[in-house]
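To start, the structure under review is shown below, and the notes come after it.
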There are 2 protein chains.
Amino acid sequence: MTTLPSEHDHRDQCVALVPIFAHLDPVERHEIASRVRQRTYRRNELLYAPEEANHFLMIVHRGRVKTYRGTESGHEQLLRILEPGNFIGETAFLHTGTADHYALALEDAEICSLHHEDIREFLTRYPAVALKMLETMTERLEQTERQLSSYTGEDVGARIAGYLLEKAAPATGELILTMSKRDLASLLGTTPETLSRRLASFTDAGWIAQSSGGRICVLDRAALARA
Amino acid sequence: MTTLPSEHDHRDQCVALVPIFAHLDPVERHEIASRVRQRTYRRNELLYAPEEANHFLMIVHRGRVKTYRGTESGHEQLLRILEPGNFIGETAFLHTGTADHYALALEDAEICSLHHEDIREFLTRYPAVALKMLETMTERLEQTERQLSSYTGEDVGARIAGYLLEKAAPATGELILTMSKRDLASLLGTTPETLSRRLASFTDAGWIAQSSGGRICVLDRAALARA
DNA sequence: CGAACGATTGAACAGCATCAAGTAGGGTGG
DNA sequence: CCACCCTACTTGATGCTGTTCAATCGTTCG
């Protein structure tokens, strides 16, 4: 009596999607997939909150998830947006095992979870996966450090301009904001009001064009970079 | 013809000092130590600069090292201070292999380096070390994220107060600043002038006492926490 | 002993947050 | 199908925190 093939397929697919498992052969992937627990979260549902014990490495299979930190003053700092293939819950590696931030589904999302102990065992057995994971963590650390220095080194205008330049399609200069302006403001370390004003001034200057649905088109890259 | 015992001892000691290698048995440690290259850096000497290829994992054996990022506007953002036992150069795991920040010796320092390929091989052979390393990277990431949210969520006074409370000895409330006030200001995302002013106001309020040599004594923890 | 650097203090400006009001869009229920 | 509401976004006016520029002082090192 085996599990239904479709279910297998689904979980295998989830694992194959994740960069850190990508290079494994089908048999190894299947082994990991067999330990995966799946669950769907609704839009605006909390995956976990601070102080909560979390013993799972959570992989986003479908949908998007945001992690953020709520400071005691009520201020909310967005940390990052997870797309399919990204994972959270690295605290699972720590002995404390409690998160210090929130994780919330931005849309209906499917999450594949691996228990703390399972993942430790896998990493021990497949060191190549551990190396991949180290690479991923290193990249995230560098990205966070970049974000950190931009907060004190550049003014708000420059951070906004930098974000637009980073996200704009190389050819057309078009981009669509993948999050609310409220969230974007938080990510860039400012307020929705200031973000709105700066975008308006960029538009007035003819550097960008805004249309509905968060569509923005970068018209003058050089000018933005100078900002 | 073997290497001199003293040299072996020295390198073994260096390896034993590092938390991620701490749990290895002497034979394994020795194996790693045999691949370690040692070098001393002088005070104010640069370990590496951005854009520079860096294929080594560098472990601080003696002395202290600071990593910082120079933004294009000339502003300098201090990222962290490394104490003996800490390591940098995780970019070695990335395929790019180029750092995007500076590393500089604050004092004369002894650094043990492991080549990129050697460390990859060790991590493959000793997965437990890879796990330890993942734990370390996770902690650093969380710490950096905390730092990030404190920049936008708390005002300068609160960040300074938080630093003092964190570093003060639990019993006596005493602490000695381990870096220049210029560097501390940078770490806290402010300027030396503002730091100086806030510390002066804390002193006036009777919450702390300052003496020469960067010695500070926290007198009123509760008041500082409220700041 | 002088030079150079770090720390401190002072004064003025400015960027940005805050508060507040108004607008637009999208979903719900009558 | 329309009226309504709730949320997101925009725009406006004001105040404040913290940076910047500048001068002074202390101290450490050559």
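Each chain gets a letter, A, B and so on, in the order the sequences are listed, and its residues count up from 1. Side chains included, hydrogens not; waters and symmetry mates left out as well; all remaining heavy atoms used.
Here B:Arg39 pairs with B:Glu45 under the salt bridge (charged side-chain N to carboxylate O under 4.0 Å, His left out) rule; sequence neighbours left out. Under the rule for a side-chain hydrogen bond (donor to acceptor under 3.5 Å, both in side chains), B:Arg43 has no partner lying at least two apart in sequence or in another chain. Remark: B:Asp183 engages B:Lys66 in a side-chain hydrogen bond (donor to acceptor under 3.5 Å, both in side chains) (not counting sequence neighbours). With sequence neighbours excluded, no residue forms a salt bridge (charged side-chain N to carboxylate O under 4.0 Å, His left out) with B:Arg37. In this view, A:Thr194 and A:Thr191 satisfy the side-chain hydrogen bond (donor to acceptor under 3.5 Å, both in side chains) rule, not counting sequence neighbours.
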Check the interface with nucleotides 22-27 of chain C: list each N/O to N/O pair with the protein under 3.5 Å, or write none.
none

Please tabulate, one pair per line, each protein N/O and nucleotide N/O from nucleotides 9-15 of chain D that are separated by under 3.5 Å, including the distance.
| unit_1 | atom_1 | unit_2 | atom_2 | d |
| --- | --- | --- | --- | --- |
| D:dC9 | OP1 | A:Lys181 | N | 2.9 |
| D:dC9 | OP2 | A:Arg182 | N | 3.3 |
| D:dT10 | OP1 | A:Lys181 | NZ | 2.9 |
| D:dT10 | OP2 | A:Ser196 | OG | 3.0 |
| D:dT10 | O5' | A:Ser196 | OG | 3.0 |
| D:dG12 | N7 | A:Arg197 | NH1 | 2.8 |
| D:dG12 | O6 | A:Arg197 | NH2 | 3.3 |

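DNA chain C lies under 4.0 Å from at least one heavy atom of each of the following residues of residues 154-167 of chain A: A:Asp155, A:Val156.
Between A:Leu184 atom CG and D:dA8 atom P there is a gap of 15 Å when expressed in whole angstrom units. Atom C1' of nucleotide C:dG6 and atom CG of B:Leu177 are separated by 13 Å, given to the nearest angstrom. In this structure, NE2 of B:His75 is placed 12 Å from C1' of D:dG18, rounded to the nearest angstrom. As a whole-Å value, the separation of B:Tyr151 OH from D:dT19 P is 11 Å.
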Can you list, pair by pair, the side-chain donor-acceptor contacts under 3.5 Å of residues 77-87 of chain B, counting residues two or more places apart and other chains?
| unit_1 | atom_1 | unit_2 | atom_2 | d |
| --- | --- | --- | --- | --- |
| B:Gln77 | OE1 | A:Thr152 | OG1 | 2.5 |
| B:Gln77 | NE2 | B:Tyr151 | OH | 3.1 |
| B:Gln77 | NE2 | B:Ser186 | O | 3.3 |

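Annotation: side chain of A:Leu47 is not in contact with side chain of A:Leu104 (no heavy-atom distance under 4.5 Å).
Proximity of a side-chain donor or acceptor of A:Thr138 to a complementary backbone N or O of A:Leu134 within less than 3.5 Å is detected. Checked by atom type and distance alone, the side chain of A:Arg159 pairs as donor or acceptor with a backbone atom of A:Leu188 at under 3.5 Å.
Backbone-only contact: A:Thr190 has heavy atoms under 4.0 Å from sugar-phosphate atoms and none from a base. Nucleic acid contact class of A:Gly189 (heavy atoms, under 4.0 Å, all strands): sugar-phosphate only.
Residue pairs satisfying the salt bridge (Lys or Arg N to Asp or Glu O under 4.0 Å) criterion with at least one member in residues 140-156 of chain B, sequence neighbours excluded, are listed as follows: A:Asp100-B:Arg146, A:Arg140-B:Glu145, A:Glu145-B:Arg140, B:Glu90-B:Arg140. Residue pairs meeting the salt bridge (Lys or Arg N to Asp or Glu O under 4.0 Å) criterion with at least one partner in residues 164-177 of chain A, sequence neighbours excluded, do not occur; the list is empty.
A donor and an acceptor atom, one from each side chain of A:Thr203 and A:Gln210, are located under 3.5 Å apart.
With the end axes of the helix from C:dC1-D:dG30 to C:dG30-D:dC1 each set by five pairs, the angle from one to the other reads 40° at 10° resolution.
Relative ring orientation between B:Tyr102 and B:Tyr68 is described as parallel, the plane-to-plane angle staying below 30° on a 0-90° scale split at 30° and 60°.
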